[in-house]
Each structure stands twice: as structure tokens, then as C-alpha cells.
Visitor: 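The structure's right below; bear with me while I get my questions together.
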Amino acid sequence: MAGIGNFTSTKQFSEDLNICDCTGVGFQTNQLYYRDGHRKNEHELEDKSFHYKPDDNIALYGIFDGHNGQEVAEYVTQEMPGQILLGQLSENSTEQEIREVLQQAFLAVERGYFQTVVDPFLAERERILSEVPDEVDSRSYSFSISDQQQLEALNKGITSSSSVLVVLMFYGKLYVANAGDCKAQVCVTDPHYGVTEVIQLSVNHDLRNEDEIRRLESLRINVSRLQGRIGNHETTRCLGNYLVKGGYRENELLKFALSEPVVAEPEITSFPITESTNFLILLSSGLYKALEEVTQEVNRSLAQMIIEEFNAQSSLNGVAQAVVDRIARMHQEVPRVIRREDMTLLVRNFNYALRGGLSRSSPLSDRYVRYSSANSNAYTPTFTSPQDLSGDPDQFFDSESTTETDSSDSLSQIKPNSPEKIKAYVDFSNYYKALETNSEFNESVFSLSD
């Protein structure tokens with residue numbers, strides 16, 4: 001079992017890729033809160049991420065939210081870049097070819113994980129279970145302490161999984177491939193109104209997604225009996241977790257399904273990069289859930305904090321980490337909340353000014369921010385399959401009453417009072433004349449100001 005998650009024995013393709021210097025990452029490990037104020041980690045950090053930029057026209061970003069261990073997230077981090085960037089694309093690749101490369105990359109990485117990691121675990125588990133007499137149910141059989149411990153480790157290994165979100169920047173366009181519940185957003189400046197707009201580029205794959213419900217029902221699964229979970233899993237798409245993939249027939253509620261209920265196939269959207277594109281945001285589900293327990297206006301609060309930290313920090317890592325730290329502090333103050341998950345935030349800057357150390361009352365923070373779902377009239381991402389995303393780009397809501405429940409949040413605005421010019425009520429004309437004609441007075445003024 002010592003080899004679980006150890007994939008560094010051979011040189012990985014990703015080790016030779018250039019890091020994207022226009023990206024910042026922040027993270028915090030999960031926490032269990034105690035009534036006396038103490039906190040501790042429940043498990044090691046299971047989130048992973050990367051940000052590579054092989055050349056000026058191509059870059060690859062990813063965030064991976066591991067579940068029941070970091071094995072799959074770690075494997076994906078090391079294997080996914082090679083599956084996408086190692087000779088599969090050229091400058092002349094069509095959009096359909098790019099989407100096909102992304103889709104096949106997800107499937108190939110999962111297939112590789114099952115072959116190299118899960119298959120040996122299953123073989124060892126079968127060897128131990130074969131020692132149980134045929135007339136005895138293995139669930140009631142008394143294994144030796146060593147066999148019991150090994151079975152527990154093997155079962156954890158085969159159920160490890162990860163939500164996977166990858167963004168490929170390819171010759172002026174973003175291609176977002178998502179399987180699970182990580183989130184992608186892009187922040188742009190509306191060319192007509194000059195406001196900052198945040199657009200969702202991904203949707204969650206879970207039992208609140210109507211398209212996913214219809215897909216499961218087409219497999220003859222009674223979704224009403226699942227109670228929000230598919231076996232031991234929350235999302236309807238992920239990489240890993242054998243029990244909801246090849247082993248789904250071991251589950252009473254899933255055993256009659258026509259095929260695997262949880263799939264690794266990503267949903268893919270595209271979005272053009274223009275002069276109005278400010279920055280890209282990728283976040284793990286743990287960060288979104290933590291902020292959701294703090295405020296109903298999740299997207300509004302997250303975007304506003306990022307903009308504020310652009311004004312306050314001197315580096316992009318500082319921006320991302322400061323936002324994560326702020327969310328962690330706010331979450332600790334929420335009554336009756338006893339834990340939070342791992343949190344990771346990735347911010348890729350395109351055209352937004354990093355004004356580290358300047359006052360937060362700078363012109364940037366005087367803009368108002370607008371948020372929309374992926375069906376914005378101004379910027380419409382292209383989905384591989386149609387999504388009925390709610391939200392009317394022409395509808396405005398008061399920031400005090402706006403509520404957000406998932407990635408298809410309705411558009412909201414934060415709009416300050418319109419600035420008005422106020423006439424001066426003191427006449428300084430004599431003062432300015434004195435400054436121009438009295439050199440001694442000028443010198444004294446400048447010496448005082450120094």
C-alpha cells in the first residue's frame with residue numbers, strides 16, 4: 001500500500017512546462033472547529049491545481065477537488081497536461097478537434113488511473129475476500145486484524161475520486177472542460193456600460209442539475225430514491241471512484257442501471273478572450289460552499305473581494321491567498337458550523353491592473369460589478385450540450401435582496417449613487433495668486449510638505 005499516490009518514479013511531461021506567471025493560487029486545508037476555539041485538520045489537503053503556459057498562444061489551467069483521498073487529484077495533476085499538450089494540437093486545430101482532445105484527455109487519464117492504481121487494488125481485495133467460505137457473507141465474516149486493515153485501505157484506494165476542471169487557452173479563446181462541481185468564471189468589462197461583469201463558464205454536475213437527472217433516468221435509475229447521493233458519491237461526473245463506475249452493480253440502488261451512472265466525460269464550453277477580458281477565476285467546491293455558508297450572494301462577494309485584493313496586494317499569489325484567508329476567517333464566525341472543506345482559488349490575470357499597496361478607494365473599486373449566468377447576451381459561451389441556465393441579463397436586483405443558489409445564479413448588480421459635481425463653496429483664487437507671486441512663501445510651503 002505504500003505506493004498509493006506515488007507517481008514520481010518517472011519524469012512527468014509537466015515538469016518541463018513553463019509556469020504561467022500571470023496566475024496566482026491560494027488555498028487552505030480543511031478544518032474541524034471546536035467549541036473552545038481550537039481547530040484541526042480532518043485530513044491532508046486533497047485539492048490540487050496547475051497553471052502552465054508553454055508559449056504566448058497556449059496555456060493550461062486546472063483545479064482538482066479530491067474526495068476520499070488525494071490519489072486521483074494528484075494523478076490527474078501529473079497526467080492531464082501531457083494528454084492535452086503533448087502533440088495533440090496544432091495552430092490549425094478546429095474547435096471541434098480541440099473539444100475532442102479535451103474529452104479524450106479526461107477519459108484517457110481516468111483509464112490510466114484505473115489500470116495503474118485501481119486494478120491492482122481490486123486484485124488484492126479479491127484475494128483477501130476469496131478466503132471467506134462460500135456459505136458466509138463477507139460483510140459478517142471476522143477477518144484478521146491485518147486483513148481488515150488492508151481491506152479498509154484497499155476500499156479507500158478504489159473509491160478515491162476528483163472533480164476536474166481544466167481551462168485551455170488556445171489562440172485567443174478559452175475552452176473550459178468540467179466534470180464535477182468545481183467552478184469557472186470570467187470577469188470582463190462590459191464594452192457598452194463600462195461595468196465589471198462576472199460570467200459563469202461551468203455548471204455543477206449533481207442531482208440538482210436537471211440535465212444530469214434526465215441522463216440518469218435514461219439509464220433506468222430511480223433518482224427519487226438516491227437522496228442526493230449516487231452510492232457513496234455526491235457528483236454525477238468525476239474521475240475515479242470505482243464503486244460508481246465499473247463496480248456500480250454492488251450498490252442496490254444502481255445495480256439495474258444500463259451503464260455506469262457516474263461518468264468522466266466533461267462538459268465543454270468556450271469563451272473568446274478580448275481586450276475586455278479582465279481575469280479568469282477557478283475555484284474548488286469547498287471554497288464555494290464555505291462562502292455560501294457566510295452569505296447568500298456568493299458570486300457577488302467573491303468577485304468583490306478579488307477586485308479589492310487587486311488594489312491591496314503586490315502579487316497575484318497574494319491576491320488569491322488573501323481572498324481565501326478572508327473567506328476562512330468569515331467562515332469561522334458562522335454560528336453552528338463545525339467544519340469546512342479544503343479551499344483552493346486560482347486567478348489568471350489578463351488585463352486587470354494590479355495596484356498593490358494603493359488605497360482601496362482607487363477608481364477601480366468605484367466601478368460597480370454585474371454578474372450573469374452563462375447565457376449572457378453580451379458574451380455567450382458555446383456548450384457541447386444545451387443547458388437551461390436561469391438568469392435574465394436585462395433584469396437587475398437590489399444587492400440586499402439578491403440570492404444565489406448555484407452556478408446558474410441570476411444576474412445582480414451593485415451600483416453606487418451616480419456621482420454629481422459639487423460647486424466649490426470657498427474661493428481660493430487669491431491663495432493661488434499668492435503662490436505664483438511670492439517665491440518665499442512657495443519655498444516655505446514646499447519645505448513644510450517635505
Side-chain angles (χ1 to χ4, degrees), residues 1-7 27-32 40-49 62-80 106 109-126 128-129 139 148-165 178-182 204-207 226-254 260-264 283-290 338-344:
M1 303 302 296
I4 296 179
N6 182 18
F7 307 104
F27 64 90
Q28 279 219 21
T29 308
N30 59 93
Q31 293 275 277
L32 181 64
K40 76 169 186 178
N41 299 345
E42 289 192 274
H43 53 76
E44 62 183 343
L45 182 69
E46 296 174 345
D47 284 359
K48 302 292 179 181
S49 67
I63 192 164
F64 316 109
D65 190 343
H67 302 282
N68 202 24
Q70 64 171 242
E71 287 75 30
V72 177
E74 180 67 25
Y75 187 89
V76 174
T77 301
Q78 297 187 15
E79 298 296 327
M80 187 68 77
F106 275 58
V109 169
E110 182 182 65
R111 185 166 56 249
Y113 179 78
F114 280 145
Q115 291 174 350
T116 59
V117 179
V118 174
D119 286 353
F121 291 173
L122 291 174
E124 181 62 15
R125 188 180 73 156
E126 183 61 29
I128 296 174
L129 293 177
R139 291 172 294 184
Q148 184 63 41
Q149 291 175 342
Q150 191 171 10
L151 277 174
E152 291 175 359
L154 290 168
N155 286 332
K156 181 180 179 181
I158 66 176
T159 59
S160 177
S161 68
S162 180
S163 290
V164 175
L165 176 62
N178 178 49
D181 57 1
C182 294
N204 283 359
H205 299 126
D206 55 29
L207 292 177
L226 296 180
Q227 298 181 341
R229 298 180 68 88
I230 306 176
N232 66 335
H233 207 76
E234 290 186 2
T235 61
T236 56
R237 302 193 191 196
C238 74
L239 269 65
N241 195 348
Y242 171 80
L243 292 186
V244 291
K245 301 289 181 73
Y248 72 91
R249 290 186 176 86
E250 297 179 18
N251 187 287
E252 287 295 321
L253 298 179
L254 305 176
E260 296 178 1
V262 178
V263 297
L283 59 147
S284 64
S285 64
L287 187 140
Y288 189 90
K289 290 176 183 177
I338 62 173
R339 62 167 51 85
R340 66 165 170 77
E341 301 175 12
D342 297 328
M343 301 191 302
T344 300

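Quick caveat, the model's predicted, so the values are computed rather than measured. Start at 1 with the first residue, then count along the sequence.
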Visitor: Working to the nearest 0.5 Å, report the span between OG1 of T77 and CD of Q70.
Guide: 9.0 Å
Visitor: Determine whether M80 and F106 satisfy the following criterion, side chain to side chain contact (heavy atoms under 4.5 Å, CB included), listing intermediate values before the conclusion.
Guide: CA-CA 7 Å; M80 187 68 77; F106 275 58; 3.8 Å; yes
Visitor: CG of L165 to OG1 of T344: how many Å apart, nearest 0.5 Å?
Guide: 12.0 Å
Visitor: Rounded to the nearest 0.5 Å, how far does CD1 of I230 lie from CG of L253?
Guide: 11.0 Å
Visitor: Within a strict 4.5 Å, meaning less than it, do heavy atoms of the N232 and V244 side chains meet?
Guide: yes
Visitor: Of the non-hydrogen atoms in H67 and E46, which two are nearest, and what is the gap between them?
Guide: CA-OE1, 3.8 Å
Visitor: According to salt bridge (charged side-chain N to carboxylate O under 4.0 Å, His left out), who are the partners of K156, at least two apart in sequence or on a separate chain?
Guide: none
Visitor: Going through the distances and angles, do N155 and R125 end up as a side-chain hydrogen bond (donor to acceptor under 3.5 Å, both in side chains)?
Guide: CA-CA 8 Å; N155 286 332; R125 188 180 73 156; 3.2 Å; yes
Visitor: Let me see the working for Q28 and D342 under side-chain hydrogen bond (donor to acceptor under 3.5 Å, both in side chains), right down to the final yes or no.
Guide: CA-CA 6 Å; Q28 279 219 21; D342 297 328; over 6 Å; no
Visitor: Roughly how far, to the nearest 0.5 Å, is the CD atom of E126 from the CG atom of L154?
Guide: 11.5 Å
Visitor: Give the intermediate values and the outcome of side-chain hydrogen bond (donor to acceptor under 3.5 Å, both in side chains) for residues T235 and D181.
Guide: CA-CA 7 Å; T235 61; D181 57 1; 5.7 Å; no
Visitor: Are any non-hydrogen side-chain atoms of Q31 and N41 less than 4.5 angstrom apart?
Guide: yes
Visitor: Mind running side-chain hydrogen bond (donor to acceptor under 3.5 Å, both in side chains) on D65 and S285 for me, showing each step along the way?
Guide: CA-CA 7 Å; D65 190 343; S285 64; 2.5 Å; yes
Visitor: Report yes if the side chains of N251 and L243 come closer than 4.5 Å at any heavy-atom pair, otherwise no.
Guide: no
Visitor: So, using salt bridge (charged side-chain N to carboxylate O under 4.0 Å, His left out) as the criterion, who are the partners of E341 when residues are at least two apart?
Guide: K289
Visitor: Heavy atoms, side chains only, cut-off 4.5 Å: are I63 and D47 in contact?
Guide: no
Visitor: Can you find a pair of side-chain heavy atoms, one from C238 and one from E110, that are under 4.5 Å apart?
Guide: no
Visitor: If I compare all heavy atoms of E71 with all of S160, which pair ends up nearest, and what's the gap?
Guide: OE1-OG, 3.4 Å
Visitor: Which heavy atom of A290 sits nearest a heavy atom of M343, and at what distance?
Guide: CB-SD, 3.7 Å
Visitor: In the structure I gave you, are the side-chain heavy atoms of H233 and Y248 within less than 4.5 Å of one another anywhere?
Guide: no
Visitor: I'd like to check K48 versus V76 (side-chain heavy atoms, cut-off strictly below 4.5 Å). Are they in contact?
Guide: no
Visitor: Report the C-alpha distance between L226 and L207 in whole Å, list the side-chain angles of each, state the deciding distance to 0.1 Å, and finish with yes or no for side chain to side chain contact (heavy atoms under 4.5 Å, CB included).
Guide: CA-CA 9 Å; L226 296 180; L207 292 177; 4.0 Å; yes
Visitor: Does atom CZ (F27) have a neighbourhood of more than 12 heavy atoms from anything else shown, all under 6.0 Å?
Guide: no
Visitor: Taking all non-hydrogen atoms of both residues into account, name the closest pair between L254 and G231 and its distance.
Guide: CD1-N, 4.1 Å
Visitor: What pair of heavy atoms forms the shortest contact from A264 to A179, and how long is it?
Guide: O-CB, 4.0 Å
Visitor: Tell me the closest heavy-atom pair linking S163 and C182, and the distance in Å.
Guide: CB-SG, 4.0 Å
Visitor: Would you compute the distance between atom CG of N30 and atom CD of E42 and round it to the nearest 0.5 angstrom?
Guide: 6.0 Å
Visitor: Please report the interatomic distance OG1(T29) to NZ(K40), rounded to the nearest 0.5 Å.
Guide: 14.0 Å
Visitor: How about Y113 and L239: do any of their side-chain heavy atoms sit closer than 4.5 Å?
Guide: no
